[in-house]
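Each residue takes its place number in the sequence, starting with 1.
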Amino acid sequence: MLDLVFPPNLARLATTGTEVLDRQGRTIALLPAPGGVWRFRAAADDVAPVLLQTLVTTEDRHFWHHPGVNPLSLLRASVQDLRAGRIVSGGSTLTMQAARLLEPRPRTVRSKLIEIMRSLQLEWHFSKREILGIWLTLAPYGGNLEGVRAGAMAWFGASARNLDASQAALLVGIPRRPETLRPDRHPDAALAVRDRILAADGGDIPRSRLPLPRHAQQAVAALSGRERVTTTIDLPLQIALERLASDQLRRLPERASLALLVVEARTREIRAVVSGGEATSEARAGALDLTRAVRSPGSAMKPFIYAMAFEDGIAGPETQVEDLPRHFGTYAPEDFDRGFAGGVTAGEALRRSLNLPAVTLLEQIGPAQFAARVRMAGVTLHLPRGAAASLPLALGGEGITLRDLTGLYAALATDGMAGAPKLLPDAVAQGGPILQPRAAEAIAAVLTQPFPDSSLPGIAWKTGTSWGGRDSWAFGFNRTHVAAAWVGRPDGTPLPGATGRALALPLLARVFEVLPASPRDVPTPVRSTGSGSASSANVLRLLFPPPNAVVSGDGPVTLRAMGGQRPLTFMMNGTPLHTDPARREISWLPPAPGFYRLTVLDIAGGVARVSLRVK
């Protein structure tokens, strides 16, 4: 009856920190329990057998046989206490120690009686190995360290599964008087107790606490609250990128920071994520996950404008576009270098990140339609308060996070499906289609080029720089991975002279030097006609209907293409016609009289288009 009225208080046992694991089960980081206590659940199977043997032998050699209390030990301790007039010997079994760890009390006779009753309860409710688990989880190791797992990590930098006899002896001894036996403050006392338990000279002991694992610390901070969490991170890659970031941070101006993200292209699983430097670095926003910060992308959104233009038949990679001064109402954009390139191909304009062609294409697509397609793919573009989508979107007049933009680049790297990068393998996929696969492949081909001062092959990349050098971006992808780099000041102040090409791109190249080589196959580009006229035998062109044709709406119309690399995609007013992609001739039934725009795309990025009217 008393057991039901006064059940054991297991709150401390249930309040533990979080162990964060990588995709192979390796420890990435340890997150403390509430209150900043480093306490992690440990079962008897989680520790080295030598630790259990040493613990039972030295603390309670009759542990496996008594009902929670040892009458002979209690009698001997009581006599000693009575003679001294105070408690000098507890006579505690391991079960009684577990009871005291669950509910700490002052060391009085009354407390001892309560511990005896609680010990009997624990023996009733738990097995012997489970009782050992309570001790192993809650034993104090000085300061805010509790439990053998935290103690092993802090004093030896080792797992509790891999302790030797000397280490086990120290971890058994410290909990007897955790503050006066701390190796960092009282090494001589700790050494003496360790050797007494070991019954031998165990060599030197650690003289300072080691930092507990804390890789990807900003990104995993939100995972606390669970005992153990498995992520998609690859620990060796994570460590390599953290070292790379630390090296780069030393070269950056004051208050500047950086963020890195590597995602597996197909699964969108995050393999490494780095934000700033040490969590204690306020100037570099070390405590913040800068991959989630909303920043201006500069020119990094341009590939998606060109991709939509390719889809809609507005342009192709070889279409001639003009980079010349032009006003769009009151909006008069300039190129980054304040000059103009004149006539160039759309592919060259994208590679050179020219501003006027991108704005012109966005005007033809429609800023609202562009923003709507991005939103339908699961990505939020943060516009100024009260503002509608407009032409400055082409040059970074919106905000977006590095994670979201990386998810969009994953669409270019694969099949046109955008997907939010995910840190947990069982996370629900978020995202949707933003591009057709052929448009994504065409943009990837345009962007695949050598890095400056690097011989890395088969990587597509694009940079971006926001106004005033506040944000420097670089995104890249090969066949298997998408990587992103951002450099800037977290407080949003300018970094004069900073550009994506100067700051972020070299950093991105170093990331790909760490990643496994997986170069993209670049198709040979085919020159687009843009209007159906032929300049070579294999150029994609439309044979029927001719430009500005007028056709009857009484029956099917034969649409016929020639040249190009199959499979082909026929589109009417931007909507794909469901046909056999291997065919060059299809039948189309006009739904109603009116004006139409026919576009044909091939797998190499070639495009041909004509306008026609159905009467």
Short question: side chain of Arg228, backbone of Leu21 - any donor-acceptor pair under 3.5 Å? no
Margin query: Applying side-chain contact (heavy atoms from CB on, under 4.5 Å) to Met117 and Ile114, what does each step give before you reach the verdict?
Written below: CA-CA 5 Å; Met117 298 304 297; Ile114 294 175; 5.8 Å; no
Next on the checklist: For a salt bridge (Lys or Arg N to Asp or Glu O under 4.0 Å) check, start with the C-alpha distance between Lys112 and Glu115, then their side-chain angles and the critical distance, and finish with the verdict.
Outcome noted: CA-CA 5 Å; Lys112 180 66 65 175; Glu115 287 172 12; 3.8 Å; yes
For Arg295 and Pro490 the tightest heavy-atom approach is NH1-O, 3.2 Å
All heavy atoms of Val69 vs all of Ser119, minimum pair found to be CG1-CB, 4.3 Å
Check your understanding: When you check the gap from the basic side-chain N to the acidic O, do Arg489 and Asp491 get nearer than 4.0 Å?
Key -> no
Would you say Asp164 and Gln167 make side-chain contact, with heavy atoms under 4.5 Å? yes
Sorted by chain and number, sequence neighbours left out, ring-ring contact (aromatic ring centres under 6.0 Å, His included) with Tyr409 holds for Phe304, Phe475
Any side-chain donor near an acceptor of the partner, Thr414 and Arg266, under 3.5 Å
no
Across all chains, not counting sequence neighbours, the side-chain hydrogen bond (donor to acceptor under 3.5 Å, both in side chains) partners of Asp426 are none
Answer whether the closest heavy-atom distance between the side chains of Leu52 and Leu136 falls below 4.5 Å. yes
Item to check | Ion pair check, Arg12 and Glu146, cut-off under 4.0 Å | outcome: yes
Value for OG (Ser111) from CZ (Arg105), rounded to nearest 0.5 Å, stands at 6.0 Å
Taken in chain and number order and not counting sequence neighbours, the residues that satisfy ring-ring contact (aromatic ring centres under 6.0 Å, His included) with Trp461 are Phe451
Contacts of Pro450 meeting side chain to side chain contact (heavy atoms under 4.5 Å, CB included) (sequence neighbours excluded), chain-then-number -> none
In this structure, CG of Asn9 is separated from CD of Glu103 (nearest 0.5 Å) by 5.0 Å
By side chain to side chain contact (heavy atoms under 4.5 Å, CB included), Thr18 pairs with (sequence neighbours left out) Val20, Leu31, Ser224, Val229
Value for CG (Leu258) from CD (Gln248), rounded to nearest 0.5 Å, stands at 6.5 Å
For residues 151-160, tabulate all N or O donor-acceptor pairs below 3.5 Å that involve a side-chain atom, not counting sequence neighbours.
unit_1 : atom_1 : unit_2 : atom_2 : d
Ser159 : OG     : Arg161 : N      : 3.1

Carboxylate-amine/guanidinium proximity below 4.0 Å for Asp247 and Arg251: yes
The reported gap from CG in Leu212 to CZ in Phe40 (rounded to nearest 0.5 angstrom) is 6.5 Å
When every non-hydrogen atom of Ala272 is compared with those of Leu241, the smallest separation belongs to CB-CD2, 3.8 Å
Residues at least two apart in sequence or cross-chain that pass side-chain hydrogen bond (donor to acceptor under 3.5 Å, both in side chains) with Glu123, listed by chain then number, are Thr95, Lys128
Item to complete: Would you check, one step at a time, whether the test side-chain contact (heavy atoms from CB on, under 4.5 Å) holds for Leu170 with Leu198?
Response: CA-CA 9 Å; Leu170 183 61; Leu198 193 61; over 6 Å; no
On a heavy-atom basis, the closest approach of Leu181 and His186 is N-CD2, 4.4 Å
Sequence neighbours excluded, the answer for side-chain hydrogen bond (donor to acceptor under 3.5 Å, both in side chains) partners of Arg176 is Glu59
More than 12 heavy atoms from other groups under 6.0 Å of CZ on Arg207: yes
Can you find a pair of side-chain heavy atoms, one from Leu503 and one from Leu507, that are under 4.5 Å apart? no
Query - CZ (Arg479) with more than 12 external heavy atoms under 6.0 Å - result: no
Donor-acceptor pair between Gln97 and Arg100 side chains, under 3.5 angstrom: no
Residue set satisfying side chain to side chain contact (heavy atoms under 4.5 Å, CB included) with Ala216, at least two apart, ordered chain then number -> Ile28, Val220, Ile233, Gln238, Val273
The salt bridge (charged side-chain N to carboxylate O under 4.0 Å, His left out) partners of Asp22 (sequence neighbours excluded) come to Arg26
The single option from Leu424, Asp234, Leu261 that satisfies side-chain contact (heavy atoms from CB on, under 4.5 Å) with Ile270 is Leu261
Smallest heavy-atom separation, Pro457 atom then Pro519 atom, equals O-CB, 3.6 Å
>> side-chain contact (heavy atoms from CB on, under 4.5 Å) for Leu171 and Val47? Distances and angles first, verdict last.
In response: CA-CA 11 Å; Leu171 292 183; Val47 303; over 6 Å; no
Rounding to 0.5 Å, atoms CZ (Arg149) and OG1 (Thr27) come to a distance of 7.0 Å
Give a yes-or-no answer on whether the side chains of Thr291 and Arg403 include a donor-acceptor pair shorter than 3.5 Å. yes
Quiz item: Would Leu252 and Ser257 satisfy side-chain contact (heavy atoms from CB on, under 4.5 Å), going step by step from the backbone distance to the final call?
Solution: CA-CA 7 Å; Leu252 291 179; Ser257 195; 5.9 Å; no
Scanning both residues in full, the closest heavy-atom pair of Ala190 with Pro183 reads CB-CA, 4.1 Å
Return yes if some donor-acceptor pair links the side-chain N/O of Arg214 with the main-chain N/O of Leu30 below 3.5 Å, else return no. no
Taken in chain and number order and not counting sequence neighbours, the residues that satisfy side chain to side chain contact (heavy atoms under 4.5 Å, CB included) with Thr54 are Val50, Thr58, Ala168, Val172, Ile197
One should read off an interatomic distance between Trp135 CH2 and Asp60 CG, to the nearest 0.5 angstrom, of 11.5 Å
Sequence neighbours excluded, the answer for side-chain hydrogen bond (donor to acceptor under 3.5 Å, both in side chains) partners of Asp45 is Arg129
